[in-house]
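Worth knowing before you read on, the calculation uses all heavy atoms, side chains too, and leaves out hydrogens, waters and symmetry mates.
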Amino acid sequence: MIIIKNKFLRKKILFISFLDFKEKSIQVIKKTPEIYSKKNWNVDYVVLRDNSKLDNYYYENEINPKNVNVYRTYLPFVNLLNFFKNVIFIRRILQKFFYFFGIFKVINFIKKNNIHKKKYDVLYGYEVYGVIVIWIFKKLGFFKNSKIIHRFQGSFLYDYITKINLPKLISNFDHLFAISLKADSYIITDDGT
């Protein structure tokens with residue numbers, strides 16, 4: 001195997017995710033970019049971190065894997081989410097709204113850091129919002145020659161679709177939309193759903 005040391009000749013991959021790295025659970029989130037790095041790829045990882053008490057990152061340390069360029073920004077308005085954490089209906093509406101706001105925050109973050117001007121061989125959208133951000137950038141005309149990978153941990157939509165559960169489908173339209181988008185490669189694992 002020939003290892004290319006020149007960083008300008010190496011292949012480049014951009015991960016976009018709203019799931020940050022963890023020390024113990026969900027190791028695939030960290031291991032996947034690490035493997036690309038070990039295989040001599042230039043790896044950039046853009047993540048929107050949710051530090052609200054609704055998510056399970058607020059007690060986790062921030063991790064920056066070796067040889068992975070991590071660009072981290074944070075979900076806005078977490079104090080408001082924390083305030084409504086026991087009011088499920090309001091919490092879910094706010095969480096969806098803030099995640100959609102997070103999409104635009106990540107897009108702005110990518111533009112501010114000039115990541116959108118780089119040429120990547122592969123764009124890797126991790127889960128619903130990473131996939132949607134990549135779709136938006138492709139629609140805006142960026143990353144024209146990049147191959148696209150959509151990666152989902154699983155999907156609970158099957159029951160909602162087969163049983164025609166309209167309220168659940170409507171409330172999960174973001175997931176339905178993301179899973180319907182075209183890619184060069186799809187990875188959907190079985191997380192129990």
>> Looking only at the side chains, is there a donor atom on one of Y120 and D44 sitting less than 3.5 Å from an acceptor on the other?
In response: yes

> Taking the side chain from E34 and the backbone from V68, do they hold a donor-acceptor pair closer than 3.5 Å?
Replying inline: no

>> Tell me whether I35 shares a hydrophobic cluster with Y45, the cluster being built from Ile, Leu, Val, Met, Phe, Trp, Tyr side chains joined at under 4.5 Å.
In response: no

> Would you call the rings of Y124 and F15 parallel, tilted or perpendicular if under 30° counts as parallel and over 60° as perpendicular?
Replying inline: tilted

> Once you round to the nearest 0.5 Å, how far does CG of N69 lie from CG of L14?
Replying inline: 10.5 Å

>> With side chain to side chain contact (heavy atoms under 4.5 Å, CB included) as the test, pick out the partner of Q153 among L19, I187, V28, I188.
In response: L19

> More than 12 heavy atoms of other residues, nucleotides or ligands under 6.0 Å from CG of N114: is that the case?
Replying inline: yes

>> On a heavy-atom basis, which atom in F21 and which in K30 lie closest, and how many Å separate them?
In response: CD2-CA, 3.4 Å

> Considering all heavy atoms of both residues, which atom of L181 and which atom of Y186 are nearest to each other, and what is their separation?
Replying inline: O-OH, 3.0 Å

> NZ/K39 to CZ/R10 distance, rounded to the nearest 0.5 angstrom?
Replying inline: 14.0 Å

> Taking atom CD of E127 and atom NE2 of H150, what is their separation to the nearest 0.5 Å?
Replying inline: 11.5 Å

>> Under a 3.5 Å distance rule, please check whether D184 uses its side chain to pair with a backbone N or O of I148 as donor and acceptor.
In response: yes

>> Between K105 (side chain only) and Y74 (backbone N and O only), is there a donor and an acceptor less than 3.5 Å apart?
In response: yes

> How long is the span from the CG atom in N113 to the NZ atom in K118, to the nearest 0.5 Å?
Replying inline: 8.5 Å

>> Side chains of R151 and S185: any donor to acceptor distance under 3.5 Å?
In response: no

>> Can a side-chain donor-acceptor contact be found between D174 and Y129 if the only test is distance below 3.5 angstrom?
In response: yes

> With the 4.5 Å side-chain cut-off for hydrophobic clustering, are F101 and L48 part of the same group?
Replying inline: yes

>> Determine whether I16 and L123 satisfy the following criterion, side-chain contact (heavy atoms from CB on, under 4.5 Å), listing intermediate values before the conclusion.
In response: CA-CA 8 Å; I16 299 178; L123 302 178; 6.0 Å; no

> What's the shortest heavy-atom distance between N61 and E23, and which atoms?
Replying inline: ND2-OE2, 3.2 Å

>> Under 6.0 Å between ring centres: does that hold for F152 and Y126?
In response: no

> Quick check: does any side chain N or O of S37 sit under 3.5 Å from a backbone N or O of N67, one acting as donor and the other as acceptor?
Replying inline: yes

> Are the side chain of S180 and the backbone of F177 linked by a donor-acceptor contact shorter than 3.5 Å?
Replying inline: yes

> Step by step, would you call K112 with Y71 a side-chain contact (heavy atoms from CB on, under 4.5 Å)?
Replying inline: CA-CA 11 Å; K112 188 174 108 181; Y71 298 89; over 6 Å; no

> If you measure from OG1 on T73 to CZ on F109, what distance do you get to the nearest 0.5 Å?
Replying inline: 5.0 Å

> Going from CD1 on I110 to CD1 on I115, what distance comes out if it is rounded to the nearest 0.5 angstrom?
Replying inline: 5.5 Å

>> Between D121 and K12, does any NZ, NE, NH1 or NH2 come within less than 4.0 Å of an OD or OE carboxylate oxygen?
In response: no

> Do V131 and I179 come close enough that some side-chain heavy atom pair is under 4.5 Å?
Replying inline: no

